[in-house]
2 protein chains.
Amino acid sequence: MVVSNHARPTLEDVAARAGVSRATASRVLNASPRVSPEALEAVNAAVHALGYQPNRAARALVTRRTGAVAVVFSEPEPKIFDDPHFARLIRAGARALADADVQMVLMLVHSPDDQARAHRFLAGGHVDGALVFAPHRNDELVSIVKKLPLPVVYAGKPWGSLRGMHLVDNDNEGGAVLATEHLKSLGRRKIVHVSGPLDELSAIDRLNGFKSALSLDDKGAARVTEDGGFTREGGRKAMSVLLSRIPSLDAVFVASDLMAAGALETLQEAGRRVPEDVAVVGFDDHATIAEHTSPPLTSVRQDSDEQVKHMVEHLMKLLRDETVKSKKQMLPTVLVRRESA
Amino acid sequence: MVVSNHARPTLEDVAARAGVSRATASRVLNASPRVSPEALEAVNAAVHALGYQPNRAARALVTRRTGAVAVVFSEPEPKIFDDPHFARLIRAGARALADADVQMVLMLVHSPDDQARAHRFLAGGHVDGALVFAPHRNDELVSIVKKLPLPVVYAGKPWGSLRGMHLVDNDNEGGAVLATEHLKSLGRRKIVHVSGPLDELSAIDRLNGFKSALSLDDKGAARVTEDGGFTREGGRKAMSVLLSRIPSLDAVFVASDLMAAGALETLQEAGRRVPEDVAVVGFDDHATIAEHTSPPLTSVRQDSDEQVKHMVEHLMKLLRDETVKSKKQMLPTVLVRRESA
DNA sequence: CTCCTCGATGAAAACCTTTGAGTCGGCGGT
DNA sequence: ACCGCCGACTCAAAGGTTTTCATCGAGGAG
């Protein structure tokens with residue numbers, strides 16, 4: 001008998017070695033209950049001895065499941081990916097999906113071309129589901145994905161109708177309220193806000209939290225808030241605009257740590273002491289930023305790792321056809337006090 | 001006749017609509033030459049009309065090719081992933097692989113557990129090849145991967161024997177020579193070096209370039225170099241060590257922009273003007289760092305996008321069984337002059 | 001007119017797994 | 001002694017594609 005020396009063993013080989021049929025071997029691998037202890041033992045031994053690994057393609061062909069999940073980042077501004085936040089999300093996704101024994105297929109979508117490719121790919125049935133990160137207003141990709149018969153979990157609220165969509169969001173509004181209330185409790189009376197770009201819902205939610213904590217109407221809010229675009233430089237500029245508009249301000253809630261770092265610089269250049277003259281609260285509690293500003297930044301923590309983990313779990317439930325209690329999950333945020341407020 | 005309304009069309013459907021056999025349709029899809037113009041036309045029309053997409057699993061089953069490539073980052077220190085460099089590499093990989101119409105399966109390897117999982121996965125034949133980023137000394141993962149019958153292209157030189165390995169490296173040594181020669185040409189006489197951690201080959205190569213440009217032996221080098229660990233904080237510390245050891249130093253070549261940013265801070269705190277008193281050259285030409293230090297940083301540019309692109313092309317050649325002229329590729333580095341030197 | 005060649009095409013095997021239908025004892029109930 | 005049932009198992013089909021081999025027809029050479 002000729003031994004094919006390098007071919008990978010198939011289920012047939014395993015079955016032969018265990019003295020059972022292919023079907024029984026398959027049932028053992030899929031943890032079917034209808035199998036005797038002896039058979040189970042024999043098959044497991046054979047699997048181990050042969051170093052057998054199921055052929056994913058064959059399995060996918062018959063089960064119509066690929067065992068892969070797409071992770072899609074839609075972001076028109078490719079440079080934003082230098083944002084360490086992005087790296088964190090990817091890392092968390094890789095870990096959570098690996099734990100679920102699912103392949104992670106990463107897709108970065110920048111251009112309309114990329115959108116078309118993503119569309120083809122997702123519609124092509126090459127993955128069982130998708131995790132979608134698409135924070136921007138009227139993102140075409142979301143409308144595309146929405147039409148697909150594919151289980152999808154979104155990170156945060158995508159723009160537009162949320163009917164029937166599954167998502168895991170951070171409590172941006174609640175966090176903003178937390179931050180603002182904290183500033184009020186410090187006795188600050190002239191509190192201003194550096195917001196994120198208002199084509200991102202997370203920025204809007206944070207702005208809304210700020211407004212509601214101070215009972216501001218739109219007109220009132222317009223005077224004491226300024227868009228910092230979620231960049232450090234934008235934070236600097238917004239802060240200096242606010243300083244000139246309201247010289248007597250004594251506290252600022254900044255919608256991201258990166259912008260807060262910029263705002264701190266502006267404040268210090270203007271001769272304001274933090275926190276004595278102006279108290280500052282950021283958002284994100286970004287490790288490599290918040291702890292290294294001077295003074296260290298008080299910030300609202302949102303746990304991206306946790307968010308991604310929940311997204312993966314949620315998607316896995318959808319894939320297993322489990323009924324999910326709620327389509328939307330909201331993750332709590334907490335205030336982390338350091339020295340800036 | 002019942003029409004299954006939502007099932008995805010198969011090659012059979014395409015063939016039927018085009019009035020040819022499945023075999024011919026398949027040939028059209030795979031650009032086989034042995035097919036008549038009429039058949040080609042008809043099949044293409046049918047494909048288009050039906051929105052047909054080949055079933056990847058079925059194709060993989062018969063061709064023994066998965067159409068997927070693993071991108072593996074081995075990095076014991078998970079926090080390093082906050083490094084924007086990492087995000088750049090991932091982005092470049094995603095783009096290049098998508099252009100090659102290959103699925104990118106991302107694997108992050110931190111622990112021995114992760115290594116075992118990576119081993120199983122790569123050995124399991126779930127991908128056609130791999131791109132491996134493993135900069136550290138004696139990385140177990142490299143020995144594991146080396147034994148696998150799997151085409152692999154490394155980023156930079158992995159530690160250990162390089163026999164038969166395919167890799168795309170940046171010319172770290174050449175870049176370091178460039179930087180050091182530049183400092184010499186400015187008339188600087190007391191040039192020191194903040195190196196990266198010496199368990200990374202790229203750091204060693206840069207150190208070697210520095211040494212050879214100054215004709216230093218090991219002993220001489222030991223006095224004028226200090227390990228900054230590729231972190232900002234490490235750069236600060238190394239710089240202050242060097243300052244106290246050689247107060248009269250008038251130039252420093254720093255092995256990364258991040259460390260250079262730290263070094264700049266230390267220098268300025270010590271009252272040294274840059275570049276008047278001390279000239280500084282970094283390495284990486286990292287957009288978001290080099291351009292935003294004060295003064296803007298002169299730096300050696302290494303193009304990660306280009307590196308990853310070459311890695312992907314190289315791997316694709318291996319997968320197509322093309323003979324590659326050289327197993328190792330070295331990418332040039334250039335000096336980008338700004339104001340710090 | 002016959003034979004041969006050659007290019008285009010079709011029929012069918014092969015890839016490996018899951019799964020529904022069917023087989024085969026053994027066992028409890030009558 | 002028979003029936004029905006049940007659990008463990010096997011058989012074989014199905015899933016969608018590529019690819020080898022055979023076939024078929026046309027056209028050129030003799």
Side-chain angles (χ1 to χ4, degrees), chain A residues 4 6-44 46-47 50-68 101 123-126 128 319-321, chain B residues 4 6-44 46-47 50-68 101 103 124-126 128 319-321:
Chain A
S4 59
H6 259 318
R8 300 221 338 259
T10 77
L11 193 53
E12 189 75 52
D13 302 333
V14 172
R17 189 176 228 269
V20 300
S21 76
R22 203 167 56 230
T24 303
S26 172
R27 282 189 245 277
V28 171
L29 267 85
N30 296 313
S32 159
R34 304 250 157 282
V35 55
S36 70
E38 308 87 65
L40 188 142
E41 172 99 8
V43 170
N44 278 335
V47 164
L50 266 42
Y52 170 76
Q53 291 232 39
N55 180 318
R56 253 178 144 104
R59 177 178 281 177
L61 186 55
V62 53
T63 59
R64 284 116 182 289
R65 283 298 195 79
T66 63
D101 202 29
H126 306 308
D128 300 333
L319 294 184
R320 285 191 302 260
D321 263 334
Chain B
S4 59
H6 259 317
R8 301 223 335 263
T10 76
L11 192 52
E12 189 75 51
D13 302 333
V14 172
R17 189 175 228 269
V20 300
S21 76
R22 202 167 59 230
T24 302
S26 173
R27 282 188 256 271
V28 171
L29 266 82
N30 296 313
S32 158
R34 304 250 157 284
V35 56
S36 70
E38 307 87 65
L40 187 141
E41 173 97 8
V43 171
N44 279 335
V47 165
L50 266 43
Y52 169 76
Q53 291 231 41
N55 180 319
R56 248 179 148 105
R59 177 177 280 177
L61 186 56
V62 52
T63 60
R64 284 111 180 290
R65 284 297 195 78
T66 63
D101 202 30
Q103 274 187 33
H126 305 309
D128 300 332
L319 293 183
R320 285 191 303 259
D321 263 334

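Just so it is clear: chains get the letters A, B, ... in the order the sequence lines come, proteins before strands, and each one is counted from 1.
- A:R59 comes within 4.0 angstrom of sugar-phosphate atoms only, judged by non-hydrogen atoms across all strands, and of no base.
- The listed nucleotides are D:dC9, D:dT18, D:dG15; the one nearest the side chain of B:T63 is D:dT18.
- Atom CG in A:N55 sits roughly 16 Å away from atom P in D:dG16 (whole-Å rounding).
- Using a 4.0 Å heavy-atom cutoff across all strands shown, A:A60 reaches no nucleic acid atom at all.
- Put simply, CG on A:L29 is 10 Å from C1' on C:dT17, counting in whole angstrom units.
- Of all heavy-atom pairs between A:G67 and A:R56, the closest is O-NH2, 3.3 Å.
- When distances run from any side-chain atom of B:S36 to the nucleotides D:dC9, C:dA8, D:dT10, the shortest one goes to C:dA8.
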query: Nucleotide by nucleotide, 5' to 3', does protein get under 4.0 Å of the base (B), only the sugar-phosphate (S), or neither (-) in nucleotides 23-28 of chain C, counting heavy atoms?
result: ------
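- Nearest-nucleotide positions on DNA chain D for B:N30 and A:A58 put A:A58 closer to the 5' end.
- Atom-to-atom, CZ of B:R8 to C1' of D:dT17 comes out at 13 Å; the value is rounded to the nearest Å.
- Looking at the side chain of A:R27, the nearest of the listed nucleotides C:dT19, D:dG16, D:dT20 is C:dT19.
- Separating the CD atom of A:E41 from the C1' atom of D:dA8 is a distance of 17 Å, rounded to the nearest angstrom.
- In terms of position along DNA chain D, the nucleotide closest to A:S21 lies nearer the 5' end than the nucleotide closest to the other residue of the pair A:S21 and A:A57.
- Closest to the side chain of A:R22, out of C:dC16, D:dA13, D:dT17, is D:dA13.
- Residue B:V35 has its side chain nearest to C:dT9 when only D:dT17, C:dG10, C:dT9 are considered.
- Side-chain atoms of B:V47 and B:V28, non-hydrogen and from C-beta on, never get closer than 4.5 Å to each other.
- Closest to the side chain of A:V62, from the set D:dG15, D:dT17, C:dT9, is D:dG15.
- In this structure, A:T24 reaches the D:dT10 phosphate: one of its side-chain N or O atoms is under 4.0 Å from OP1 or OP2.
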